[in-house]
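What follows is one structure encoded as structure tokens, with my remarks underneath.
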Amino acid sequence: MTPLGRKIALRIARTGPITLADYMAECLLDPHHGYYTTRDPLGRGGDFVTAPEISQMFGELLGLWLAQCWLDQGAPAPFALAELGPGRGTLMADVLRATRGVPGLHQAMRICLMEASPTLRTAQGAALAGYEPQWYDSVATLPELPLFLLANEFLDALPIRQFHRHATGWQEVMVTEEGGKLAFALSPPVPVSLLADRITDTRPGDIVELCPGLRTVVGEVGARLARHGGTALFVDYGGWHSRGDTLQAVRNHRFTNPLSEPGLADLTAHVDFEAVARAAPPARATGMVEQGVFLERLGLRARARQLAQRMSGDTLLSHEAATERLTAANAMGTVFKALALYPQSAPLPPGFTA
Ligand SMILES: C[S@@+](CC[C@H](N)C(=O)[O-])C[C@H]1O[C@@H](n2cnc3c(N)ncnc32)[C@H](O)[C@@H]1O
């Protein structure tokens, strides 16, 4: 077992099996051994690659999209330009470069980063040198200002609870210890009021996931948008009204057993965008759009052609591959989805249908 595995096993021996959400929280954010707290996992040398690390176009297009939303709401000043889980700061750096020419935007923005990892906070500081970002631990502590917010591959990192349907109700997936190894087990039947509406569309044997942290984060963002104005964009892998076991562990660009290397592998789950839309009120949620469609609507092809004019050889080939990877159905184009929140009084954000 890894050092974190031993620590978790000790906790289980003392207080009994833990929920999957508790297990994920320990694995990702334990102060000494947590996956995010102790490393920079992104990029080719890391465990996985995200859209902003694939191409500068992702951040540029999202930046201009956010700037348009800001202009459509009367260019409020000052405002919070916020990102949840900013990784290496690459997305925000591309946003800032792309929006330099938008009159008044840089003068009005306060850059707010919500990041749990000290290692990644350092990387973000280096990527955004000269911009004076401020770091926050929660959405609730962000400044009370109009909020223009991006979150790419953030919600998938929030711990989930998993429930197995039995004949008349639910059993929760727990993590326990057996014969010196961590193992999954099912709790006794538990009443889950939050799953009451899933009895009609599931059968015994089905698995349904809940993400308590998502409700807290998105609910707070929705409340702020209603109070102060703004727009929030969530991009992630997932679907609508999800069902099934979506927990996955990735290490060194490969899937691995979620229980075998606690603290050394990334643990994520698919995002249920229906849960995002449900947590939005009093703000509104747009419909969910596939990432490929969304980026095409924002002008990805034109930007790709423009950049390609200055390229040749291997640089051009990798630029073309990156464009495909962001949009193609067999890459990130359909697995990843986008959904935005906006105030009742604001126009529908570009690129979406209601
Ligand atoms: C998969 S990475 C995505 C990074 C970046 N958005 C990108 O697209 O490259 C997840 C990010 O969320 C951060 N994170 C995970 N859980 C968090 C939490 N509970 N609060 C704040 N940040 C968190 C991680 O440290 C990391 O920066």
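Note that ligands are numbered from 1 as they come in the structure, with each ligand's atoms numbered from 1 the same way.
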Exercise. Does the side chain of Leu339 reach to within under 4.5 Å of the side chain of Val289, using non-hydrogen atoms?
Worked result: no
Exercise. Hey, are the side chains of Glu209 and Asp272 touching, using non-hydrogen atoms and a 4.5 Å cut-off?
Worked result: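 With C-beta onward as the side chain, the pair stays apart.
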Exercise. Just by distance, do the side chain of Arg224 and the backbone of Pro143 share a donor-acceptor pair under 3.5 Å?
Worked result: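 Yes; at least one donor-acceptor contact below 3.5 Å.
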Exercise. If only atom types and distance count, is the side chain of Asp47 paired as donor or acceptor with the main-chain N or O of Asn252 below 3.5 Å?
Worked result: yes
For this session: Find out if a path of hydrophobic residues (ILVMFWY) with successive side-chain heavy-atom gaps under 4.5 Å connects Tyr23 to Tyr35.
Result: yes
Exercise. If we ignore angles and hydrogens, is there a donor and acceptor under 3.5 Å between the side chains of Glu172 and Thr19?
Worked result: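 Thr19 and Glu172 do not have a side-chain donor-acceptor pair below 3.5 Å.
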Exercise. Near ligand 1, which residues have a heavy atom under 4.0 Å away from one of its atoms?
Worked result: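 Ligand 1 pocket, heavy atoms under 4.0 Å: Leu29, Tyr36, Leu42, Phe48, Thr50, Pro52, Glu83, Gly85, Pro86, Gly87, Met114, Glu115, Ala116, Ser117, Leu120, Asn152, Glu153, Phe154, Ala157, Leu158.
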